[in-house]
There are 2 protein chains.
Amino acid sequence: MSVTRERIMELAEELILTRGYNAFSYQDISSELGIKNAAIHYYFPSKANLGTSIIKNNGQRFEEMVQNMKIMKFDEAKQLESFLRIYAKSNREQKICVIGSLGPDFNTLPEASQAELKQMTNRILQWLSSILETGRNSGIFSFKGDSRNRALLILSNMIASLQLTRVLDKTEFKGIHQTLLDDLKG
Amino acid sequence: MSVTRERIMELAEELILTRGYNAFSYQDISSELGIKNAAIHYYFPSKANLGTSIIKNNGQRFEEMVQNMKIMKFDEAKQLESFLRIYAKSNREQKICVIGSLGPDFNTLPEASQAELKQMTNRILQWLSSILETGRNSGIFSFKGDSRNRALLILSNMIASLQLTRVLDKTEFKGIHQTLLDDLKG
DNA sequence: GTCTATACCTTGATAGAC
DNA sequence: GTCTATCAAGGTATAGAC
């Protein structure tokens, strides 16, 4: 995979997470790379293709993380912590997450991107539900209701707190994050 | 205030809540109204102005709701319920909320819109914190931690659950909503 | 006071040069 | 295989007609 291609993906992802899908253009990327906007079309024939590739890439990175945690034999608390750390990092970098950026724009996305985003979101929720369920059974977590709803609540909190700290103050994220963890202690 | 002006605001708000700020144009509105796009500029000289007006309008509707609940002497449980009902309605109409739509686009918004959105969000959080605090003191609610963080969690859940049900399924909203209320019962 | 004709710029994308 | 010249469509906004 060429270096140019990788840099395009990096930049495009950064633009999506800081300014949104409909606010960035091929020219934003090409001018940064010192090439013409049309050069991007060689690597990614359409914006739809570029967007979908970025979602796919994100999904893969999530799967890798899950695999790594399995190999390292992390318990459920540690797995959740690692997952939440992704969002803490995004917060420091003033980025929101892929779901939180593309979710609001969902109706304007090409079909392939919609499908990819749906799949990734479901995978994350499936994984999160499962560690919550297992963690509760082994006494690590304490919460009411079924684990799918709890996973939805936690994911919601992560998605929107990144968005809120953009409108409010970066430091508010920590309070949300901590309260959420305290709740799970029962 | 002219009828055309009101219809423009209605349509613009709907477009923002279904497609996002950077995905709608003056032409989307004008073609729906059967006039030329430039006619909108008579009522709203710039898109920045239109966007800011819509946020302002939303903030005013929130203040009116708060005032009404005061007059009706709603207790804290009823006030919270009314507030959450706004989001349930949005969910039925396949809309997200103003904060959830404009938050992700924050960095691309004109300064006046940013300021207005900040102010509105802070007002909502201030109000929500206060009814949570009062409600806990009078034994209606039960939760851990300080009320500001709890308000942030609840607002996060509402914002992101609307976005998530766009990616996932409309019915998932109800689970989130109910779990959140059950949690507050202690 | 209300709206149209029109300008000017940026967008995503194609065809073809090197 | 990699990139440039160029295009048609659509964006916001201004000047001025009714």
Side-chain angles (χ1 to χ4, degrees), chain A residues 1-56 101-102 104-114 116-117, chain B residues 1-55 101-102 104-114 116:
Chain A
M1 187 149 68
S2 93
V3 162
T4 308
R5 191 190 154 88
E6 279 187 1
R7 290 227 55 206
I8 292 169
M9 285 199 73
E10 265 175 47
L11 281 169
E13 179 171 315
E14 172 157 352
L15 286 166
I16 288 175
L17 302 186
T18 53
R19 304 178 59 80
Y21 184 81
N22 290 310
F24 93 92
S25 70
Y26 271 35
Q27 283 183 34
D28 291 333
I29 299 172
S30 62
S31 66
E32 183 79 25
L33 294 182
I35 54 182
K36 299 292 163 194
N37 81 77
I40 319 272
H41 284 281
Y42 167 64
Y43 298 97
F44 301 95
S46 66
K47 194 178 176 180
N49 180 285
L50 175 55
T52 308
S53 301
I54 285 167
I55 305 171
K56 224 173 236 167
S101 173
L102 298 180
D105 293 343
F106 194 77
N107 296 331
T108 73
L109 297 181
E111 256 185 75
S113 298
Q114 291 184 339
E116 203 66 46
L117 187 61
Chain B
M1 188 145 70
S2 94
V3 162
T4 308
R5 189 190 155 89
E6 278 187 3
R7 290 227 55 206
I8 292 169
M9 284 198 73
E10 263 176 48
L11 281 169
E13 180 171 313
E14 172 157 352
L15 286 165
I16 287 175
L17 302 186
T18 53
R19 305 179 57 79
Y21 184 81
N22 290 310
F24 92 92
S25 71
Y26 271 33
Q27 283 182 34
D28 292 332
I29 298 171
S30 62
S31 67
E32 183 80 26
L33 293 182
I35 53 182
K36 298 292 161 194
N37 81 76
I40 319 272
H41 284 281
Y42 167 64
Y43 298 97
F44 301 96
S46 67
K47 194 178 176 180
N49 180 285
L50 175 55
T52 308
S53 301
I54 286 166
I55 305 170
S101 172
L102 299 180
D105 293 343
F106 194 77
N107 296 332
T108 73
L109 297 180
E111 256 184 74
S113 297
Q114 291 184 338
E116 204 67 44

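Just so we're on the same page: letters track the sequence lines, and every chain starts at 1. Keep in mind it's a predicted model, so treat the numbers as computed, not measured.
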Correct closest heavy-atom pair for A:Ile29 and A:Ala12 would be CD1-CB, 3.8 Å
Rounded to whole Å, the NE2-P distance (A:His41 to C:dT11) equals 11 Å
Side-chain donor or acceptor of B:Ser101 paired with backbone N/O of B:Leu17 under 3.5 Å: no
Quiz item: Have B:Asn37 and B:Ser25 got a donor and an acceptor in their side chains that come within less than 3.5 Å?
Solution: no
Rounding to 0.5 Å, atoms CD1 (A:Ile54) and CD (A:Glu116) come to a distance of 12.0 Å
Rounding to 0.5 Å, atoms CD (A:Glu14) and CG (A:Asp28) come to a distance of 11.5 Å
Within residues 11-20 of chain B, the residues having a heavy atom closer than 4.0 Å to DNA chain D are none
query: Does a side-chain N or O from A:Gln27 land closer than 4.0 Å to OP1 or OP2 of C:dT11, or not?
result: yes
Rounded to whole Å, NZ of A:Lys36 lies from P of C:dG12 at a distance of 16 Å
d(B:Thr18 OG1, A:Asn107 CG) to nearest 0.5 Å is 6.5 Å
Could you check whether any side-chain heavy atom of A:Met9 comes within less than 4.5 Å of a side-chain heavy atom of A:Phe44, counting everything from C-beta outward?
yes
| message | Check whether B:Asn22 reaches the backbone of A:Ala23 with its side chain - one donor and one acceptor, N or O, closer than 3.5 Å. | response | no
Please check this pair: side chain of B:Tyr21 against backbone of B:Leu109, looking for a donor-acceptor N/O pair closer than 3.5 Å. no
Residues of residues 42-49 of chain B with a heavy atom under 4.0 Å from any atom of DNA chain D, listed by number, are B:Ser46, B:Lys47
With a 4.0 Å cut-off (strictly under) to non-hydrogen atoms of chain A, the first and last hit nts on DNA chain D, 5' to 3', are D:dG1 to D:dA5
Under the side-chain contact (heavy atoms from CB on, under 4.5 Å) criterion, do A:Leu50 and A:Tyr43 qualify, and how do the steps go? CA-CA 9 Å; A:Leu50 175 55; A:Tyr43 298 97; over 6 Å; no
